[in-house]
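First the structure, in the form of structure tokens, and then the observations on it.
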Amino acid sequence: VVNANVTLYAKWISGDAVTYTVTFNSNGGSDVPSQQVEEGGKVLQPTAPTLDGHTFAGWYSNAALTTAWGFATDVVNANVTLYAKWESSTGIADGGSAEERNSLRVYPNPTTGELTVESEGAEMLLYTLSGTLLERTLSSSLNLSSYPNGIYLLKAGNKTAKVVKQ
């Protein structure tokens with residue numbers, strides 16, 4: 001309702017606005033749609049993806065999952081891929097030292113090649129984070145030299161370990 005003189009001002013936006021694509025890599029979790037964000041804009045925080053046996057632990061701007069994305073503070077000035085970080089909700093061993101966690105021991109981790117695995121005699125399955133099966137074995141060791149550097153999941157029975165190949 002207008003009860004007095006009002007001046008309205010037009011806001012002009014250049015037809016040449018630059019937009020970038022923000023892609024969400026859910027690292028084996030449910031799909032998250034990409035977003036188009038104007039240069040200098042902020043990403044809208046999407047609904048968290050899901051992954052059986054895991055709890056979503058946030059979005060990261062690097063595949064090594066060391067730099068968390070700040071939806072309230074970080075701006076987009078190029079195409080960006082954000083990576084999902086997962087934590088176990090069922091006792092998954094995340095690698096690290098040769099500590100035994102839930103009867104699955106993996107060392108050295110990170111590794112540059114040969115990996116020793118101690119489990120309760122279960123068949124071992126090596127997966128990419130996206131869920132692609134790479135190797136199946138009953139051996140107590142795996143040679144990862146032929147695989148690219150990255151993070152893999154090693155499953156033995158109902159136990160899983162995150163394995164880092166450097």
F56 vs W86, test: ring pair (Phe, Tyr, Trp, His ring centres under 6.0 Å). Steps then yes/no. CA-CA 5 Å; F56 178 68; W86 299 100; 5.5 Å; yes
Nearest heavy-atom pair of P49 and W59: which atoms, and what distance? CD-CZ2, 3.6 Å
Which atom names give the shortest non-hydrogen contact between L65 and Y83, and what distance separates them? CD2-CB, 3.7 Å
Quick one, F71 with K42, criterion side-chain contact (heavy atoms from CB on, under 4.5 Å). Give me CA distance, side-chain angles, the key distance, then yes/no. CA-CA 7 Å; F71 288 92; K42 294 179 183 169; over 6 Å; no
Which donor-acceptor pairs under 3.5 Å do the side chains of residues 21-34 make with protein atoms, sequence neighbours left out?
{"residue": "T21", "atom": "OG1", "partner": "Q36", "partner atom": "OE1", "Å": "3.4"}
{"residue": "T21", "atom": "OG1", "partner": "Q36", "partner atom": "NE2", "Å": "2.9"}
{"residue": "N25", "atom": "OD1", "partner": "N27", "partner atom": "N", "Å": "2.9"}
{"residue": "S26", "atom": "OG", "partner": "G29", "partner atom": "N", "Å": "3.4"}
{"residue": "S26", "atom": "OG", "partner": "G29", "partner atom": "O", "Å": "2.8"}
{"residue": "S26", "atom": "OG", "partner": "S30", "partner atom": "O", "Å": "3.1"}
{"residue": "N27", "atom": "ND2", "partner": "A84", "partner atom": "O", "Å": "2.7"}
{"residue": "S30", "atom": "OG", "partner": "T50", "partner atom": "N", "Å": "2.9"}

Between V76 and V18, is there a shared hydrophobic cluster once you connect ILVMFWY residues whose side-chain heavy atoms come closer than 4.5 Å? yes
Student check: side-chain heavy atoms of [X] and [Y] closer than 4.5 Å:
X    : Y    : answer
V163 : V106 : yes
T111 : V164 : no
K162 : I151 : yes
L133 : L125 : yes

Keeping to residues at least two apart or across chains, list the side-chain hydrogen bond (donor to acceptor under 3.5 Å, both in side chains) pairs with something in residues 146-155. E135-Y147, N149-K165
Working to the nearest 0.5 angstrom, can you tell me the gap between [X] [atom1] and [Y] [atom2]?
X    : Y    : atom1 : atom2 : answer
L154 : L126 : CG    : CG    : 6.0 Å
Q45  : Q35  : CD    : CD    : 10.0 Å
L153 : T128 : CG    : OG1   : 8.0 Å
N62  : T81  : CG    : OG1   : 11.5 Å
N143 : E114 : CG    : CD    : 4.5 Å

Test of ring centre spacing under 6.0 Å for Y60 and W69: no
Give the C-alpha distance, both sets of side-chain angles, the deciding distance and a yes or no for side-chain contact (heavy atoms from CB on, under 4.5 Å) between T137 and L142. CA-CA 8 Å; T137 184; L142 285 172; 3.5 Å; yes
